[in-house]
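Contents: one structure, followed by commentary.
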There are 2 protein chains.
Amino acid sequence: MPDQTQNAFRALADPTRRDIMRLLSANALTIAEVSAHFDMTRAAVKKHLTVLNDGGLITVEARGRERINQINPLGLAPVLSWLEFFDHFWDDRLADLKTAIEKDIQ
Amino acid sequence: MPDQTQNAFRALADPTRRDIMRLLSANALTIAEVSAHFDMTRAAVKKHLTVLNDGGLITVEARGRERINQINPLGLAPVLSWLEFFDHFWDDRLADLKTAIEKDIQ
DNA sequence: GCAACGTGATACTTTTTGGTATCACGATAA
DNA sequence: TTATCGTGATACCAAAAAGTATCACGTTGC
């Protein structure tokens, strides 16, 4: 796992994978359970889970013949770290940004 | 510009585009000036700038025959907003996350 | 043991993306 | 005007990504 920042950003670039992150934030799920929420094959969902795993955003735990996928919030650290870089440049604008977030939809 | 969240995340998925963001954080630059920092053609850089513009992360201002590309920090709002979602689920872990950021490389 | 189930992995197709090459066009400067 | 410069736009190519279909394998339960 060389470039965790790149893998994490890449993992978050796909809307399906971001939806999976939200799903897993509520409960850890097996691949089949995750697949049930999307209109695509289990194999496709599995691929997305692999990308998320490569990005360090989820961890996978084997339980019998099932694989429990669960969120790893620390995986977001490289992303937040990168964004943090811009805080130093616009501390003032960041305040506006934070308030803008409050009224942001989705 | 329907899905700004998607466009912003997609724009940040490429390492060259993230580097461009850092570049522009110091100074607003023309396309040619940005291109000088990368080992690729001006046309390729222009494409990246278009993607960044679509993502709302930069703004472009015409000045004579030049186009000044400058950062739009508010474009990061949808990204931060999405990440904010996870704060509600792990307020405690977020503290660890913030401290982890401090010692993060790159 | 045996059948059903969840998963891993591979091969394959289609679409998107990153990149180059090229040309046309407005702005600049002599 | 004329030549040059920065850019926009298009066509094109190669590689990566998203998705499907399929099969093999270990686990579960009878």
Side-chain angles (χ1 to χ4, degrees), chain A residues 1-24 27-71 79, chain B residues 1-24 27-71 79:
Chain A
M1 60 193 99
D3 193 342
Q4 207 62 10
T5 299
Q6 172 55 20
N7 287 343
F9 269 107
R10 184 175 99 75
L12 293 179
D14 187 276
T16 298
R17 288 195 287 267
R18 290 199 304 278
D19 287 345
I20 291 177
M21 288 289 286
R22 291 219 177 189
L23 245 187
L24 295 182
N27 294 298
L29 300 174
T30 66
I31 298 177
E33 288 170 339
V34 173
S35 302
H37 288 79
F38 297 94
D39 187 25
M40 66 181 71
T41 63
R42 178 187 56 78
V45 171
K46 161 72 164 81
K47 279 195 177 183
H48 284 304
L49 289 170
T50 299
V51 173
L52 285 170
N53 188 51
D54 291 345
L57 298 177
I58 67 172
T59 58
V60 184
E61 178 192 351
R63 188 162 66 195
R65 64 183 164 185
E66 299 180 334
R67 298 295 182 283
I68 312 296
N69 301 274
Q70 104 184 78
I71 274 207
V79 175
Chain B
M1 60 194 102
D3 194 342
Q4 208 62 8
T5 300
Q6 172 56 20
N7 287 343
F9 268 108
R10 185 175 98 74
L12 293 179
D14 186 275
T16 298
R17 288 194 288 267
R18 291 200 303 279
D19 287 345
I20 291 177
M21 287 289 287
R22 290 218 177 191
L23 244 188
L24 296 183
N27 295 298
L29 300 174
T30 66
I31 298 176
E33 287 170 340
V34 173
S35 301
H37 289 79
F38 298 93
D39 187 25
M40 67 182 72
T41 64
R42 178 186 56 77
V45 170
K46 161 71 164 80
K47 277 194 178 185
H48 284 304
L49 289 170
T50 299
V51 174
L52 286 170
N53 188 51
D54 291 346
L57 299 177
I58 66 172
T59 57
V60 184
E61 178 191 352
R63 189 162 64 196
R65 62 183 167 186
E66 299 181 334
R67 296 295 183 282
I68 312 297
N69 300 275
Q70 107 184 76
I71 274 208
V79 175

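All values below come from the heavy atoms of this structure, side chains included, with hydrogens, waters and symmetry mates left out.
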Between D14(A) and T16(A), is there a donor-acceptor pair closer than 3.5 Å when you use the side chain of the first and the backbone of the second? yes
Is a side-chain N or O of E33(B) found less than 3.5 angstrom from the main chain of T30(B), in a donor-acceptor match? yes
Those residues at least two apart in sequence (or on a different chain) that pass side-chain contact (heavy atoms from CB on, under 4.5 Å) with R65(B) are none
Taking all heavy atoms of D54(B) and all of Q4(B), pick out the closest pair and write down the distance. O-NE2, 3.5 Å
What pairs with Q6(A) under side-chain hydrogen bond (donor to acceptor under 3.5 Å, both in side chains), at least two apart in sequence or on another chain? R18(B)
What does the list of N/O pairs under 3.5 Å between the protein and nucleotides 15-17 of chain C look like, with a distance for each?
residue	atom	partner	partner atom	Å
dT17(C)	OP1	R10(B)	NH1	3.3

OP1 or OP2 of dA17(D) versus the side-chain N and O atoms of H48(A): is any pair under 4.0 Å? no
Whole Å only: how far is the CG atom of D54(A) from the P atom of dA18(D)? 12 Å
Sorted by position of nearest nucleotide on DNA chain C, 5' first, the leading residue of K47(A) and V60(A) is V60(A)
dG6(D) OP1/OP2 closer than 4.0 Å to side-chain N/O of R67(B): no
Minimum-distance nucleotide to E66(B) side chain [options: dG6(D), dG8(C), dT20(C)]: dG6(D)
Separation of dT7(C) P from N53(A) CG (nearest whole Å): 15 Å
If I take atom CG from residue D3(A) and atom CZ from residue R10(A), how far apart are they, to the nearest 0.5 angstrom? 11.5 Å
The bend of the helix from dG1(C)-dC30(D) to dA30(C)-dT1(D), taken between the axes of its five terminal pairs at each end and rounded to 10°, is 30°
Take the protein atom CE of M40(A) and the nucleotide atom P of dA18(D), then report the distance between them rounded to whole Å. 10 Å
Give one of base, sugar-phosphate or nothing for K46(A), where a contact means two heavy atoms less than 4.0 Å apart. sugar-phosphate
When rounded to whole Å, the CD1 to P distance for the pair I68(B) and dG6(D) reads 12 Å
Tell me which donor-acceptor pairs under 3.5 Å the side chains of residues 43-52 of chain B have, and how far apart each pair is, sequence neighbours excluded?
residue	atom	partner	partner atom	Å
K46(B)	NZ	T50(B)	OG1	3.1
H48(B)	ND1	R17(B)	NH1	3.1
T50(B)	OG1	K46(B)	O	3.0

Please determine which of T5(A), N7(A), L12(A) meets the side chain to side chain contact (heavy atoms under 4.5 Å, CB included) test together with F9(A). T5(A)
Please state how far atom CG in D19(B) lies from atom C1' in dG18(C), giving the value in whole angstrom units. 15 Å
Rounded to the Å, how far apart are D39(B) CG and dG18(C) C1'? 14 Å
Nucleotide dG6(D), atom P - distance to CD of E61(B) in whole Å: 18 Å
What pair of heavy atoms forms the shortest contact from A8(B) to L57(B), and how long is it? O-CD1, 4.1 Å
Passing candidate, side chain to side chain contact (heavy atoms under 4.5 Å, CB included) with N69(A), options I20(A), L29(A), L24(A): L24(A)
At under 4.0 Å between heavy atoms, what does A32(A) touch on the DNA or RNA strands: base, sugar-phosphate, or nothing? sugar-phosphate
Does a nitrogen or oxygen in the side chain of T30(A) sit under 4.0 Å from OP1 or OP2 of dT7(C)? yes
Just how far, in rounded Å, is P of dG18(C) from CG of L12(B)? 12 Å
Let me have a per-nucleotide readout for nucleotides 22-27 of chain C, 5' to 3', with B, S or -, counting only protein heavy atoms under 4.0 Å. ----BB
